Number of protein chains: 2
Amino acid sequence: MVTPNREPDIFTAISHPARRRILDLLVETDRSVNALAGDFQMSRPAVSQHLRILLNAGLVTERRQGRERHYRLVPERLAPVRDWISHYERFWDDRLQRLQEHLLRGEDL
Amino acid sequence: MVTPNREPDIFTAISHPARRRILDLLVETDRSVNALAGDFQMSRPAVSQHLRILLNAGLVTERRQGRERHYRLVPERLAPVRDWISHYERFWDDRLQRLQEHLLRGEDL
DNA sequence: TTGACTCGTAAGGAATACCTTACCTATAGT
DNA sequence: ACTATAGGTAAGGTATTCCTTACGAGTCAA
C-alpha cells in the first residue's frame, strides 16, 4: 500500500447535499442523531455515516450525553471554502467591481 | 430506469482539487486545453474530462478558435457556493458578530 | 434483570468517480 | 495531398461513494 494519509477534504465533505443540510441544521443549535435523522428520508445509519464524514473533516464535534450524542457545528473549519470563494468576489460584487475598475483607471478616489 | 434528470451540482463540480485549480487558472484569462493541461500531472484527456464536468455545470464556456478550444470562467455560476457559505459569515466575521450581539441585546444603534 | 432506546459499525451491493491508453475528427501549414 | 497539432471520446480498470439491513454496545427506567 502506498497511500500514507488521506487527509479529509472540506470540499469533499460539503459536496453532498445531505451533509450541507446537516450543517445548516446545526447552525441553530446542537442536535442529537435522531433529531437530525428526522429531517431526512434516508435511514438513521446513513445519517450516522454522513456525520462521521463531517466529524473526520472537523466540521462538527461530538458530545455524549447519556445515550444521546449531540453534534455541534465547528464553523471555523469552513474557512477553506470561504477563502477560496472570496477570490471570486470581485466578479459578482458590483460595488467592489466598480471600485476596482475605478482604481484600474488610475484615478484618485 | 427511473432517474429522469441528473442536474449537475456546483458543489460536486468544485469538490475535486483539479477542477478548483482549473477555475483558479481561468480567473486570470481564458486558456486552451493544452495551456491548462501543462499545469497538471495528469493526462490531457483527464483534463478534458474535468473540463466537461465544469462545462456541464455551467462554470465555464467553450469558444472554438481554429483548432484550439478556449475555456472561459463563468463566475456567476459560483453563486450557490457564495450564498451557502454566506450563511456562516457571522461565525467568523468579528465585526458582524459584534453587531449581531449588539442587536440581540436589544439596544439601539 | 429485563426491555426499550440511542447510536455506531459491519457487510454487501449498485452506482459513480477518476484515471489510463487507444483512437477519432478537425484544423493548419507545407 | 500529406503531416503535425489540438482536443474530444470510447473502453476499461480500480477505487470510492452512498445507500441498505443486521447486529452489537452502552444507557435508562421499571
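As the structure is a prediction and not an experimental result, all values here were calculated from the model. Note on naming: letters A, B, ... go to the chains in the order of the sequence lines (proteins, then strands), and numbering restarts at 1 for each one. All values below come from the heavy atoms of this structure, side chains included, with hydrogens, waters and symmetry mates left out.
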[X] side chain vs [Y] backbone, donor-acceptor pair below 3.5 Å:
| X | Y | answer |
| --- | --- | --- |
| Arg19(A) | Ala13(A) | yes |
| Arg77(B) | Ala57(B) | yes |
| Arg21(A) | Asp39(A) | yes |
| Arg69(B) | Arg64(B) | no |

Check the distance between [N]'s [atom2] and [X]'s [atom1] and give it to me in whole angstrom.
| X | N | atom1 | atom2 | value |
| --- | --- | --- | --- | --- |
| Leu55(A) | dC7(C) | CG | C1' | 13 Å |
| Arg52(B) | dA17(C) | CZ | P | 11 Å |
| Leu51(B) | dG8(D) | CG | C1' | 11 Å |
| Ile14(B) | dA17(C) | CD1 | C1' | 17 Å |
| Arg67(B) | dA6(D) | CZ | C1' | 7 Å |
| His70(B) | dA6(D) | NE2 | P | 11 Å |
| Arg69(A) | dG26(D) | CZ | P | 10 Å |
| Asp9(B) | dC18(D) | CG | P | 11 Å |

Exercise. Looking just at side-chain N and O atoms, do Glu89(B) and His87(B) make a donor-acceptor pair shorter than 3.5 Å?
Worked result: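 On atom types as modelled, these side chains do not qualify, holding no pair under 3.5 Å.
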
Exercise. Nearest nucleotide by nearest heavy atom, which residue falls closer to the 5' end of DNA chain D, Ile53(A) or Gly66(A)?
Worked result: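 Upstream on the strand: Ile53(A).
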
For this session: Kindly work out whether a path of hydrophobic side-chain contacts (I/L/V/M/F/W/Y, heavy atoms less than 4.5 Å apart) joins Ile85(B) to Val74(A).
Result: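 No; Val74(A) is not reachable from Ile85(B) via cluster members.
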
Exercise. Should the ring pair His50(B) and His16(B) be called parallel, tilted or perpendicular, given that the plane angle runs from 0 to 90° and is split at 30 and 60?
Worked result: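 Rings of His50(B) and His16(B): tilted, 30 to 60°.
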
For this session: Please determine if a side-chain N or O atom of Tyr71(B) lies less than 4.0 Å away from the OP1 or OP2 oxygen of dA6(D).
Result: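 Tyr71(B) to dA6(D) OP1/OP2: no side-chain N or O under 4.0 Å.
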
For this session: Indicate whether OP1 or OP2 belonging to dC19(D) is found under 4.0 Å from a side-chain N or O atom of His16(A).
Result: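 Yes, such a contact exists.
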
Problem set entry | Among dG26(D), dC7(C), dG7(D), the nucleotide that comes nearest once only the side chain of Glu68(A) is considered |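 Of the options given, the side chain of Glu68(A) lies nearest dC7(C).
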
Exercise. Between residues 31-50 of chain B and DNA chain D, which residues have a heavy-atom gap below 4.0 Å?
Worked result: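 Ser32(B), Val33(B), Asn34(B), Arg44(B), Pro45(B), Ser48(B), Gln49(B) - these, ordered by number, are the residues of the stretch whose heavy atoms sit under 4.0 Å from the strand.
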
Exercise. Contact class for Arg19(A) (heavy atom, under 4.0 Å): base, sugar-phosphate, or nothing?
Worked result: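 The residue Arg19(A) makes sugar-phosphate contact but no base contact.
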
